[in-house]
A.B. asks: 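Before we start, here is the structure in question, set down as structure tokens.
Note that the structure is predicted; figures quoted are calculated from it, not measured. We name chains A, B, ... by the order of the sequence lines, and we start the count at 1 in each one.
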Amino acid sequence: MIDKRVDSAAQAVADIFDGATVMIGGFGEAGSPIELIHALIDLGAKALTVVNNNTGSGHVGLAALIENHQVARMVCSYPRTANSTVFPDLYRRGEIELELVPQGTLAERIRAGGAGIPAFYTATSVGTPLGEGKEVRSFDGRDYVLEYGLKADFALLKCARADRYGNLVFNKTARNFGPIMAMAAGTTIVQASALMELGEIDPEVVVTPGIFVNRVVTVANPALESVLVNDGRAYP
Amino acid sequence: MIDKRVDSAAQAVADIFDGATVMIGGFGEAGSPIELIHALIDLGAKALTVVNNNTGSGHVGLAALIENHQVARMVCSYPRTANSTVFPDLYRRGEIELELVPQGTLAERIRAGGAGIPAFYTATSVGTPLGEGKEVRSFDGRDYVLEYGLKADFALLKCARADRYGNLVFNKTARNFGPIMAMAAGTTIVQASALMELGEIDPEVVVTPGIFVNRVVTVANPALESVLVNDGRAYP
Amino acid sequence: MTVGESSTASVGWNREQMARRAALDIPDGAYVNLGIGIPEQVAQYVPEGREVIYHTENGLLGMGVPPDVGEGDPELINAGKRPVTAIPGAAYFHHADSFSMIRGGHIDICVLGAMQVSQNGDLANWSTGLADAIPAVGGAMDLVAGVKTIYIITQHCTKTGDPKLVKSCSYPLTGKAVVSRIFTDLAVIDVTSEGLKLVELAPGIDPDYVQQKTGCELIVAGWQ
Amino acid sequence: MTVGESSTASVGWNREQMARRAALDIPDGAYVNLGIGIPEQVAQYVPEGREVIYHTENGLLGMGVPPDVGEGDPELINAGKRPVTAIPGAAYFHHADSFSMIRGGHIDICVLGAMQVSQNGDLANWSTGLADAIPAVGGAMDLVAGVKTIYIITQHCTKTGDPKLVKSCSYPLTGKAVVSRIFTDLAVIDVTSEGLKLVELAPGIDPDYVQQKTGCELIVAGWQ
């Protein structure tokens, strides 16, 4: 029987190991799997490489994971937020590494990692500091840089609805990196706001087919990062 | 105002020119835009390069287009069918060219063409006759061939429902090449079985966003290729 | 008829039995792609209690049994273009997503037919290479390059009695060193780093007979 | 205050007027991506009768106006992470699909801010390059590499009076030769193969004044 449900966020993340590469879904708070991130803080795995578009806000979720010194390296496109100095402080002190990747290149590298494409060419970053040192090749008279597929040991994602096969649908712009990170991770762990019976999600509207998902934990009323930040909350 | 509706299949395909590259959706009859293909036969544009997974069946649809000597070159993965000798006959007589592409490489090349990726690497076809002459490169100790993005002047597609923005949803496995061909063509022409008001297609379930679509013609009861073939029909 | 006679009409496993034997090696929870022909039959024989999800590369995960005659949707088909159904929990997707599942290593097992398999696991199953043949590859090369485990179901020999398990394939390759296990009418054979290794025999078949019908050396060490 | 005085506090167009002017150049039927800041305001001023579809790269085509205070869904946001709405006919998609629209040349116009634009259309708008700055690029490099037409809205000079239109950018580039047209508080300027060309002046501004505030030669030939 295929049953990807697990009972708790703690159980879902229990095998994340020191030094693992972890993709974390979300663009800002939209799609951020905050309960799974907090479970990872409780677990305490260290020296992680984290792939996320941003670096979190306030002192909860991703920012708290970074603040807790569990992240050795961030791969992201925009490590700045109006309301968090966690990453900037550590970065300026040389206590965290940064691989800065243009947002579309980041998305395509993740998709390529999941799709078995080891490398591809893109015009993004040609002639800029982020293109320096990259292999350049011309196609039809235009220059492109070579970019590599990106994979991870784990992905932590949030979705709106899931079933026991791991089929997922998302909420509005919370979809963002979810479907491609699910493809690119060896073990994809999802917190779903609602669990559905098989067949309740129409096969025509499944966004992430279950083949890309390993574990589903139901978090019926996920916390909102902005609410926690406005309340001045910190984790743990 | 954005209104991509056109009144007839004839009008929808009227600017397809001699020598154009035309992607035609469908895997077998599922998703085959048979009314648009027949309009292209009526139009008579010649020396076409056609991209489709197959080469049609019987003497209708794609097979009829080929039989009518409008296709100079086929790009496909599986140019054989149990019930058609149209392509094989022309091919053996040297009257049509064939570029044979593995099915997944064909799909990925089309997707790359639409996504602005000029080239990518895949392990498919390495060490086989279809990999011969291709640039080989090793990543992490495994060999891959370089494959190029594929674009087209036009795409002819069939979908289940569309709106005037060109948002599309498909029917079951008729989805196949539709979404990626829509991305890869300069002018994407779609026959929809039903036309919806804006907003009637939930933004969460749109499969092809309208940005990839140029023209929509409603064909309420599209012919089924298998029915036409069984009836011994030929077009024109 | 006894082992060693040249006709193989009734020795070893028949097609159904080959599919049944292969089905035993499909574990619970596997994501599986079945090729056209005998491989398709495997789905019927997976032992009860195992839940297996079938992928068809034209764009469906969760393929069910064929519909009753006269039922079904002509746009709900499998890679062999035959009508199928979708199980509860199925998902439709486009070709690039479908082949991302394949190329990206997400499918656990693919079962295919073969024209030839070499002793190092090379597979030839798409073309005779004859000048007047219409070449047609479909998804075979993508499947063998991307799926984690490739099983082959094939008659041990061609209709004219030539071995299909060979030192080196004479037909154009589908992929190099891609096959894990071969189910024939005579035996189950693994591709190992040392060569083809006999794993199991069909009833009434002995190792010598299998070796005699095989175009390369078979490892039978430890075989009783 | 007359043209030629050093303070620009009240000469030329204000921010709203710059956005209004840029909006005139958004044609009916365009697919448009608007950057954070003044570019966002452009949507408010597109002339009536034109239907424009807004793309936000985090995953929405058909972005509508911001929701009323207290309304909205925290998971329905734009690239600036502010709450938005979706119009009837909108579509959600994931990041790889969203940037396929950008990289694949499907977006007609992108309006962005700038730190510097060079006479050949190079754009610098993501980093000062200072050692202690936290580098952050977001989607800017993808947008300028992929969108068909790049418009810039920017003050003509920095707060300290330095020209932002220059011979060669001193800040790290976002893209080379990517800008088509620049809307400043003083003028509308096109990037041409011969260099920056004056297209239109803000009320009360003359070409000499614009040239004086510009760090490279302006083409004003034919200007009355």
A.B. asks: Within this structure, what is the CG-NZ distance for the pair C/Asn58 and B/Lys172, rounded to the nearest 0.5 Å?
C.D. replies: 13.5 Å
A.B. asks: Name the region of C/Thr174, side chain, backbone, both or neither, that has any atom closer than 4.5 Å to a heavy atom of chain B.
C.D. replies: backbone
A.B. asks: As an exercise, state the distance from CG of C/Leu60 to CG of B/Asn176, rounded to the nearest 0.5 Å.
C.D. replies: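 Rounded to the nearest 0.5 Å, the CG-CG separation comes to 12.0 Å.
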A.B. asks: Please round to the nearest 0.5 Å and tell me the distance separating atom CG of B/Asp143 and atom NZ of C/Lys176.
C.D. replies: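 Those atoms lie 10.0 Å apart.
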A.B. asks: Is it the side chain or the backbone of B/Val101 that comes within 4.5 Å of chain C heavy atoms, both, or neither?
C.D. replies: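 It is the backbone, since no side chain atom gets that close.
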A.B. asks: Near B/Arg233 CZ, under 6.0 Å, is it more than 12 heavy atoms from other residues, nucleotides or ligands?
C.D. replies: no
A.B. asks: Can you tell which of C/Pro135, C/Ala96, C/Ala177, C/Ala124 has the highest number of heavy-atom pairs within less than 4.5 Å of chain B?
C.D. replies: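 Highest number of heavy-atom pairs under 4.5 Å: C/Pro135.
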A.B. asks: Taking only heavy atoms into account, what residues of residues 70-91 of chain C are found under 4.5 Å from chain B?
C.D. replies: C/Asp73, C/Pro74, C/Glu75, C/Leu76, C/Ile77, C/Asn78, C/Ala79, C/Lys81
A.B. asks: Quick one: pull up CZ in C/Phe93 and OG1 in B/Thr173 and give me the separation to the nearest 0.5 Å.
C.D. replies: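 Answer rounded to 0.5 Å: 10.5 Å.
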A.B. asks: Over all heavy atoms of both residues, which pair between B/Tyr78 and C/Gly138 is shortest? Give the atoms and the distance, please.
C.D. replies: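 Residues B/Tyr78 and C/Gly138, closest heavy atoms: CD1-N, 3.6 Å.
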A.B. asks: Looking only at non-hydrogen atoms, find the nearest pair between C/Ala145 and B/Arg142 and report the distance.
C.D. replies: O-NH2, 2.8 Å
A.B. asks: Is there a side-chain contact between C/Ile134 and B/Arg92, using heavy atoms and a 4.5 Å cut-off?
C.D. replies: yes
A.B. asks: Heavy-atom pairs under 4.5 Å with chain C: which of B/Ala30, B/Ser226, B/Pro179 has the most?
C.D. replies: B/Ala30
A.B. asks: Check whether more than 12 heavy atoms from other residues, nucleotides or ligands sit under 6.0 Å from atom NZ of B/Lys134, and answer yes or no.
C.D. replies: yes
A.B. asks: Quick one: of B/Val227, B/Thr81, B/Asn54, who has the most non-hydrogen atom pairs under 4.5 Å with chain C?
C.D. replies: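 With the most close heavy-atom pairs to chain C, the winner is B/Asn54.
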A.B. asks: Side chain, backbone, both or neither: which part of B/Leu98 has a heavy atom under 4.5 Å from chain C?
C.D. replies: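 Side chain of B/Leu98 only, per the 4.5 Å heavy-atom cut-off to chain C.
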A.B. asks: Within a radius of less than 6.0 Å around CG of B/Asp140, do more than 12 heavy atoms belonging to other residues, nucleotides or ligands occur?
C.D. replies: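 Result for CG/B/Asp140: open.
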A.B. asks: Which heavy atom of C/Arg103 sits nearest to which heavy atom of B/Thr105, and what is that distance?
C.D. replies: NH2-N, 4.5 Å
A.B. asks: Main chain of B/Gln103, side chain of C/Asp142: is a donor-acceptor contact present, judged purely on distance under 3.5 Å?
C.D. replies: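 Yes, the answer is positive, given that a donor and an acceptor are paired below the 3.5 Å cut-off.
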A.B. asks: Verify the neighbour count for atom CD of C/Glu217: are there more than 12 heavy atoms of other residues, nucleotides or ligands below 6.0 Å?
C.D. replies: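 At most 12 heavy atoms, drawn from other residues, nucleotides or ligands, come within 6.0 Å of this atom.
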A.B. asks: Quick check on B/Tyr91 against chain C: is it the side chain, the backbone, both or neither that has a heavy atom closer than 4.5 Å?
C.D. replies: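 It is the side chain, since no backbone atom gets that close.
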A.B. asks: Which distance, rounded to the nearest 0.5 Å, do you find between the OG of B/Ser77 and the NE2 of C/His95?
C.D. replies: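 Reported to 0.5 Å precision, the distance equals 7.0 Å.
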A.B. asks: Answer whether the closest heavy-atom distance between the side chains of C/Phe99 and B/Thr122 falls below 4.5 Å.
C.D. replies: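 Side-chain contact under 4.5 Å: no.
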